[in-house]
Amino acid sequence: MLRRPKPTDSEADLLREQQELLAAGGQSTVAVVKRPDKRRGDAAAAEAHEQGKQRDVVTIEDLPDELPTLTPAPPKKSRFKQERVHFEDEDPEERLDRHDTHISAVLSRIIERDTSAVPVSLPCITGTAFPKVLHRSVMETLRGRKSIFARQIAAQRAKKEDVQSLNGSESRDQSSASRHVGFSPLENMETEQPESDVMDRVGGPVLLTGQGLGIANSAMETMKIHEENQSKLQVMSQSEILEEQRKLLAQLDPRLVEFVRSRKAQRTPGSESASGPVQREDFLNEPLPNSTSPELDHSIKLPVKPQKEWLHMDKVEPEKLEWTRDLPAPRKQSTKKAMQARFDFAGTLIPPTKDLPTHLGLHHHGEEPELAGYSLQELFLLSRSQLNQQRNLAVSTLANVLAKAHAGEYISSLKGSVLSSLLDAGLLFLLRFSLDDSVEGVMSAAVHALRALLVSSDDEECLDNAFPWLLGMATFPLLPTAQEDEDDEDLDETMKETAKEKEEKKTDHEVARQDVVKGFLKMQGLPRLRYILEVVRPSPRVVLDILEVLIRIARHSTAAATQILACPRLMNTVISEFLPCSWAPATSRALSSLYGLPVALAMKLLRVLASAGRHACARILNSLGRKELLSHFVVVEPSEMLLEAGEALLCSTEALRLFAVAASYGQACNLYTDLYPVLVKRLQAGNRLCASSEAVLFLELDLITALLVLLTRVTQTAGCHEELQRDLVSAQGTECPPPPPVVWSHVMGLQPTVISSLKGCVRALDGPAQMSSALILLPSYLLYTEAYYSQLCVQVGIYKKEIRLKASASLNKLILKTDCSHGTPEVYIYDYVLFSCCRSSSMICNPGLSAAGGEVVPSLPILGCSWLKTSSTMAGPNSPLSLPTALLYLLNTITSIHKGLIKKFSHLILSDSVLSYLRSCIGAMPSVSHMSAWILHHEHHLLYLLLRLAHKLVPVDPEVAKHAALFHQVSMALVSWLLPGSEYLAHELMSVMTFSHSLLPEGVHGETEVAALAELQLKDRTSPAVGALLRDALQHLPSIRGCYLTHLAHLESSVLSSRDRYLGRTPFVSSHLLPELTGPSLPSDWPFLPLISLYERMGLSAGGEQQVESLPEGSVQSVTHCLQWLLVLESWREQALTAVPPVAKLARLACVFLCSSDLFLERPVQELTWALFRGLTRPAQLEALDLGSPPPGLASFHDLYSALLAQYEAVSFGDSLFGCFMLLPLQRRYSVTMRLAVFGEHVGMLRSLGVSLQQLPIPLEKFTCPMEDSLPLLRLYFRALVTGALKRNWCPVLYVVAVAHLNAFIFSQDEVAEVNYLCNKTSVILVLKNHLLLFRLPQQNSELGFSTYEQLPPIRARRLESIVGTEVKGGER
């Protein structure tokens, strides 16, 4: 018995089974039944068939069989309908008359046909008695497979063409026709051929038919043209023919060439004429001599010989069997030509010169079959294949490519960014489509690729390591940098669309191009991930990948975290399936499913979601009912969880971290009182870890640090209880947060245990085995100690003296040790702190540490910790930031409580490493990005605490006071560096340090007198003395500080939010996601803030209008304070304004003139502005002043200058200060457009621009050298001089400038027609002639402003004579 074919059978098996079936003569198991065709009239068979299949049919009366059409269609016409269709009521006689062919119908009208033009062909004599018989098979081959209908149409068309050709033909001579056309005997006996076919057969033109000539003898004209072409080809050599061929191909459209070749290929010419001496060549089909297009050689033996019994192989197609040949060897040498990148299945880049074996599966039938690997385009194509395995393989390979691209493995090998190319090509859409795949393997590969695209394991590890640091919970949202739409810049505020309206109008592609995570959310990615978790229930790896993707989405923003919580059944599925309260122990180490088992990543997801905001945390704890779950994981020991040891420690650690996040909002504190014994027991276990000499797992240390963070937050919450209780009593109906359920007495018992553990950590620093663990735990113990003492100070009923004694005792026992020989205290852990202050470990001093080690795209920001981990220990568990920050935080708190201890820490500030670190910070310019911001955020805390401690030491320690200027310079730099979320630190710096007399020693050490002596060299006695201005500014430092704090009042809400987070006021903290990272909190030009604010309030953004309204009250005083502070910075802290370019300084100072019509006339404002303007015109500053680059916030400096010109004409009153500002941009090295604006559009201002040469602080040579080369400006110069608009007593400076440039132009060697015109016009005015012709050199100190010749030098006289044509003697002619 024959077996059935199976899906696994090969083609050879199928052929063998077919032979066996035929040899056995068996019957086929399939019977083909042909149903009768009712249309053929087989009624009986149809009725019999219908009887076998009786069906009940329900009929409705008056219902048509077919649906009526809505619009009447035009009736269809058939060419043969009238011949076949007959109607019953038709008269037979009429039908007979219509088809009657009686002789009377023919003889009724006889028209003789003109046969003069019809060629007569005599039959040729053949050797056979009868014509050649054409068999039916040959006729069918010639005709082709055409339907009856198509044949009838072709016959009618041929009949019409014959009639037209007969009516339009002319007479031809038989001899001439036979001369051009020679028919063989067989051809004359065959059927008549059309003219076009005849020309094909005789070697005539292939493309030209002559139909477009519009004449009767078109075929003859076409033949003449063909003969002329043939004659021209005969006289040309082969090289000339190839050259003309190359030219013609270069001129023709490639598509036209392909069309001609296709027409030639479709025609099959018969016998060509052998009479011509030169045979016709088809140059379009013939390749060029240098062409490299390969031609398939069919004579080459194929590696596979088709067999007769192979199915569908009766026709051999060699071009399709070429792939069976051996692959060509890859190139031996590398080339400079860019090649397409190819990857193997692991994502590794394959060099094009590498020869890999074919059994690896990396060779395929692509454009380059000899090269192994897949390109990105081929992977995209393969991912949409109909085969599941191919889709799975493509998406998995893309996942590996993404992982290696994030790691930076392709940067040195490939041009461009792989990530950018993939995202631009639609990778996110591809992964989203693959998530919807019905095959679980493809779905799993898509999840893995999505995880490789979004998640960075190193970033998550670094953020977990930073969790116990000072403000380690606070992180920046991973939002791309916002880009403002240019279309909205010119619109009114009321016309601008809101961000929500813009977002709704954007397509998925536009959103994904700007923000990958937001684009994934817009594509409904969360419901699909929920479906995979809930319904598909994938493998453990896919579950972990989905949880990591959700964590990355939650870090994106508060809105993204809210969408995760709001997604139906998503969090319920995560909690019920991966955070159960009870579970069975795992039977094997290799888990086949994670469902029903605790997963640490699920707990971490809850923690990250809770960090997004206090409302999200309350929803997790209350709505999802996770308080009981939290207490369960905190109570159970990791060794009793029936899980793998590492996973159990991670679950306990993440539970404590979630508990700590909740406590940082003042929530879940009632669990603290319930779990107090368990928490104390865990705390005591931490002391044993430090004392143990055995190796300790990092996971165990993470568990202790998470517990200390929890206790620190609970202590801070308990410290706020009394404050909230008082606010609640005095609220009187206003909204006030309720007091937390934990009070100070609940946390007082923790302090002895923590201090004991802290002592153990300090002692462990001496042991090399325990030092690593002690350095990890020590910062958390120090932070708890600081929180305890800071909250102890605000408690009612506790005496300050008692607090000072406790703080002093703790400090002496833990941090200080006394040298027995000298009795001087020294810091015990200095040696472990000072190394972090080295320049090599600072992100501020080394911006290169934040450089991306892998590929980064703007739409998908990352922290770049992969590179940071390899280049520095900044982000590791032993980071040099955590310990010194915690120590300085504690020292500042204790010294605030007990000010007598401050002098004990002078050695810390005066150490060489600390001073070197501070000096390197002065000139640093740290770059702000997501890769550097999270580290800079913590280093700013360290620098701030270091400066606060130094500021406390300056008044009490003379040695520290020597470096007061250094501390002030660093504090000024830090104010400009602080990032969003650190507004409280900026407020504290400006309130305490920035405007502090103690940090400005120049005012005490006689620097003001030095500045006054420097002013003695100025010859302008009316200019104000800078020394007196500086002394006055130092006396008004408190008022200056108040001025700046007032103008920063718009940041009050940010300052309060930052203060609550920094001081641990947990009931008032709203979120641990910091504000969006858009740059530093304060602009780099914040010292100009009062001046800019006044300019914006007065509404003169366009400039040029005369201000008639009075200034707001206190505006003059505010501007005065701003200018005073700017003078202090320019004189003593010039480094603080390095980030502000000179052109920006000039533009900001110009606001003094644009704010009001008379503000610049106020005496203190004018004196201070004069001093600042002279500082900007110093040689070094003047060389750095580039007016070609637009100032920040302005389109161009020319726009600002135009506004100043209009304002000067309106309200200047000839003020010399305003005039100097107008003259500064007219220097020769700046753009000529500003000089053209003065002498063209605003020439009237020359009458009031009376700045003397002595008042001008800019060298005159800056205006006169080099020679002016703008002819329009020279014409304007001359016109102003001749018309009297420019006079020496009105505008001395520009008069000298115009005379100098015109003189240089007149006596230049260039032959210009303008020179003759100027000389002739100059002779009219005697004074102008003397100045223009006798000008020698500019002299700023002379009366005229320039020196003159007594008479023209001979060379100039000859030059002038050659121009004017009259003899010149002594300057006269």
Side-chain angles (χ1 to χ4, degrees), residues 483-493 496 1079 1083-1089 1091-1107 1126 1137-1156 1160 1169 1172-1173 1176-1177 1181-1212 1217-1246 1249 1258 1262-1263 1266 1268-1273 1276 1294 1297:
Q483 298 179 354
E484 297 182 359
D485 295 336
E486 297 180 357
D487 300 336
D488 295 344
E489 292 181 357
D490 299 331
L491 296 178
D492 190 16
E493 292 295 333
K496 292 184 178 180
S1084 58
D1085 59 348
W1086 67 266
F1088 296 88
L1089 187 59
L1091 197 55
I1092 299 174
S1093 300
L1094 180 62
Y1095 172 74
E1096 293 176 349
R1097 288 173 60 189
M1098 299 311 295
L1100 292 179
S1101 58
E1105 298 89 350
Q1106 182 177 356
Q1107 188 68 23
L1126 288 173
L1137 295 176
T1138 305
V1140 185
V1143 64
K1145 297 179 183 178
L1146 184 65
R1148 272 47 173 178
L1149 280 180
C1151 295
V1152 172
F1153 307 101
L1154 295 175
C1155 285
S1156 172
F1160 62 93
T1169 308
L1172 291 172
F1173 183 75
L1176 283 177
T1177 54
Q1181 294 285 340
L1182 199 59
E1183 289 297 326
L1185 183 60
D1186 181 16
L1187 302 185
S1189 58
L1194 295 176
S1196 66
F1197 186 84
H1198 183 266
D1199 297 339
L1200 176 65
Y1201 189 67
S1202 300
L1204 286 171
L1205 288 175
Q1207 186 79 348
Y1208 184 86
E1209 285 186 316
V1211 299
S1212 67
L1217 173 62
F1218 205 165
C1220 287
F1221 265 86
M1222 294 295 96
L1223 291 173
L1224 175 62
L1226 301 181
Q1227 297 178 61
R1228 179 63 182 86
R1229 66 191 184 103
Y1230 296 134
S1231 174
V1232 71
T1233 56
M1234 291 182 281
R1235 298 193 291 277
L1236 288 172
V1238 171
F1239 284 89
E1241 304 170 10
H1242 302 276
V1243 68
M1245 66 177 291
L1246 299 177
L1249 194 58
I1258 307 169
K1262 297 288 184 181
F1263 297 89
E1268 184 63 61
D1269 54 0
S1270 174
L1271 288 178
L1273 181 59
L1276 293 176
L1294 293 184
V1297 173

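The shown structure was predicted, so the numbers you read here are calculated from the model rather than taken from an experiment. In this chain, numbering begins with 1 at the start of the sequence shown.
Among all heavy-atom pairs drawn from Gln1181 and Leu1176, the shortest one is CB-O, 3.3 Å. Pairing each heavy atom of Tyr1208 with each of Met1245, the nearest pair is CD2-CE, 3.5 Å. In plain terms, the two heavy atoms of Leu1249 and Gly1219 that are nearest each other are CD1-CA, 3.5 Å. Here the shortest heavy-atom pairing between Ala1150 and Leu1200 reads CB-CD2, 4.4 Å. When all heavy atoms are compared, the tightest approach of Pro1191 to Arg1148 is CB-NH1, 4.4 Å. For Leu1194 against Ala1147, the heavy-atom pair with the smallest separation is CD1-CB, 4.3 Å.
At least one side-chain heavy atom of Leu1224 sits under 4.5 Å from a side-chain heavy atom of Leu1146. You'll find the side chain of Glu1241 stays beyond 4.5 Å of the side chain of Leu1205, heavy atoms only. At least one side-chain heavy atom of Thr1169 sits under 4.5 Å from a side-chain heavy atom of Phe1221. Counting only heavy atoms from C-beta outward, the side chains of Tyr1201 and Leu1187 never approach each other to under 4.5 Å. Using a 4.5 Å heavy-atom cutoff, the side chains of Leu1185 and Thr1177 are not in contact. Annotation: side chain of Arg1228 is not in contact with side chain of Phe1263 (no heavy-atom distance under 4.5 Å). Side-chain contact check for Glu1268 versus Val1297: every heavy-atom pair is 4.5 Å or farther apart. Looking only at side-chain heavy atoms (C-beta outward), Phe1153 and Leu1204 come within less than 4.5 Å of each other.
Ring-plane geometry between Phe1218 and Phe1160 is classed as perpendicular, the angle between the planes exceeding 60 degrees on a 0 to 90 degree scale with a lower cut at 30.
We find the SG-CG distance between Cys1155 and Leu1091 to be 5.5 Å, quoted to the nearest 0.5 Å. Atoms CZ and SG, on Phe1088 and Cys1151 in that order, are 9.5 Å from each other to the nearest 0.5 Å. Summarising the geometry, atom NE2 belonging to His1242 is positioned 12.0 Å from atom CG belonging to Leu1236; distances are rounded to the nearest 0.5 Å. With rounding to the nearest 0.5 Å, the separation of CG in Leu1276 from CZ in Arg1235 is 11.5 Å. If you take OH on Tyr1095 and OG on Ser1156, they are separated by 13.5 Å, rounding to the nearest 0.5 Å.
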Next on the checklist: If you apply the rule side chain to side chain contact (heavy atoms under 4.5 Å, CB included), what do you find for Leu1223 with Ile1258, and how did you get there?
Outcome noted: CA-CA 9 Å; Leu1223 291 173; Ile1258 307 169; 5.8 Å; no
